[in-house]
> 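Could you have a look at this structure, given as structure tokens, before my questions?
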Amino acid sequence: MTKILGISGSLRRDSYNSRLLEAAASLLPEGVEFEQYRGLKRVPPYDQDDDVEPPPRAVARLREALSAADGVLIATPEYNSSIPGVLKNALDWASRPLMTNALRFRPVAVCGASTGAFGAVWAQAELRKVLAAMGARVVEAEVPVGHAPNRFDEDGLLVDEEIREQLVALVEALLAGVAERRESMAPVAA
Ligand SMILES: Cc1cc2nc3c(=O)[nH]c(=O)nc-3n(C[C@H](O)[C@H](O)[C@H](O)COP(=O)(O)O)c2cc1C
């Protein structure tokens with residue numbers, strides 16, 4: 001069983017990024033389990049003095065959720081041309097200890113939605129930079145969803161065919177990354 005953990009960088013109830021994540025989840029093939037991480041708001045502000053064993057409970061849960069996933073899919077809003085502070089804060093916690101952090105070598109795919117024209121492209125670029133610094137395997141494909149209110153219907157369902165196709169490619173790239181990692185970790189036959 002392959003497990004994908006979804007993280008929306010928005011805490012907002014009707015978040016377009018959370019909807020985007022749900023749309024991507026609905027495109028996953030059979031045999032792939034999807035779980036959306038919902039603990040972002042409970043992660044305390046990063047303080048190196050608190051980054052000890054055992055870590056704060058919310059941090060332990062975050063690290064466990066990441067470690068249990070074969071791949072991670074993050075949908076990020078763009079706040080002032082970057083990623084939201086809550087998302088960066090959670091990634092800072094997740095990045096420690098650096099050499100054994102829960103995202104190291106783990107395949108991660110990035111997408112993003114904004115109400116403006118550019119579809120959170122800067123936020124996605126920033127997120128990829130942060131993830132690369134942590135040692136995650138960031139997949140190449142990306143999905144910039146501009147003018148987000150026009151891409152979803154009243155029930156929050158994705159209605160844009162072109163974006164759906166881009167999401168399919170993103171999900172496929174993520175699963176290919178998962179398969180590649182599995183192969184690289186498989187014991188070599190004698
Ligand atoms: C603090 C803040 C800063 C924002 N900065 C940007 C920005 O730099 N670029 C952009 O395209 N949209 C920006 N927006 C608009 C967001 O794209 C919009 O609020 C979007 O719906 C947020 O994603 P969500 O629907 O998942 O919550 C900003 C919104 C907020 C609240």
Side-chain angles (χ1 to χ4, degrees), residues 3-28 32 34-47 58-59 61-62 65-66 69 71-95 103 106-134 136 138-171 173-174:
K3 280 188 186 174
I4 301 296
L5 184 74
I7 302 177
S8 170
S10 173
L11 303 178
R12 202 168 70 83
R13 197 179 315 110
D14 296 324
S15 158
Y16 294 114
N17 283 281
S18 301
R19 289 173 183 177
L20 187 59
L21 210 53
E22 280 155 23
S26 75
L27 299 170
L28 288 167
V32 179
F34 180 84
E35 188 202 330
Q36 189 166 338
Y37 169 75
R38 297 188 190 274
L40 209 56
K41 201 168 178 171
R42 286 188 290 279
V43 176
Y46 184 83
D47 179 341
V59 172
R61 288 216 185 101
L62 167 67
L66 292 170
V72 179
L73 176 60
I74 306 180
T76 183
E78 185 162 288
Y79 284 180
N80 300 304
S81 304
S82 188
I83 61 175
V86 285
L87 179 57
K88 178 63 163 57
N89 181 56
L91 291 173
D92 288 340
W93 277 111
S95 73
L103 278 175
R106 208 167 297 279
V108 183
V110 167
C111 56
S114 72
T115 48
F118 299 109
V121 280
W122 290 291
Q124 289 181 68
E126 297 257 307
L127 180 54
R128 297 166 79 86
K129 185 179 72 176
V130 172
L131 291 165
M134 296 169 66
V138 189
V139 307
E140 284 298 323
E142 64 180 5
V143 182
V145 180
H147 301 300
N150 302 339
R151 315 288 180 197
F152 299 89
D153 68 13
E154 286 152 24
D155 299 321
L157 295 172
L158 182 69
V159 289
D160 188 303
E161 206 44 50
E162 204 182 320
I163 290 168
R164 190 187 312 278
E165 279 166 25
Q166 289 178 34
L167 275 183
V168 169
L170 184 75
V171 159
L174 178 60

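Only heavy atoms go into these numbers, but all of them, side chains included; no hydrogens, no water, no symmetry mates. We number each residue from 1, following the sequence as shown. Read the numbers this way: they start at 1 and go in the same order the structure lists the ligands and their atoms.
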> To the nearest 0.5 Å, what is the distance between CD (E162) and CZ (R151)?
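Here the interatomic distance stands at 8.0 Å.
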
> Under a 4.0 Å threshold between the charged nitrogen and the carboxylate oxygen, would R164 count as salt-bridged to E161?
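So E161 pairs with R164 through a salt bridge.
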
> May I ask you to test the V72-Y37 pair for a side-chain heavy-atom distance under 4.5 Å?
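No, too far: nothing below the 4.5 Å cut-off.
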
> Find the distance between OG (S18) and CZ (R12) and round it off to the nearest 0.5 Å.
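Between S18 OG and R12 CZ, I get 8.5 Å after rounding to 0.5 Å.
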
> Taking any residue with a non-hydrogen atom under 4.0 angstrom from an atom of ligand 1, which ones do you get?
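For ligand 1, the contacting residues are S10, R12, S15, Y16, N17, P77, E78, Y79, N80, S81, S114, T115.
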
> A side-chain contact here means heavy atoms from C-beta on lying under 4.5 Å apart; do L103 and S95 qualify?
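L103 vs S95: side chains apart.
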
> Check L157, D160, L20 against F152 for a side chain to side chain contact (heavy atoms under 4.5 Å, CB included) and give me the one that passes.
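When L157, D160, L20 are each tested with F152, the side chain to side chain contact (heavy atoms under 4.5 Å, CB included) holds only for L20.
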
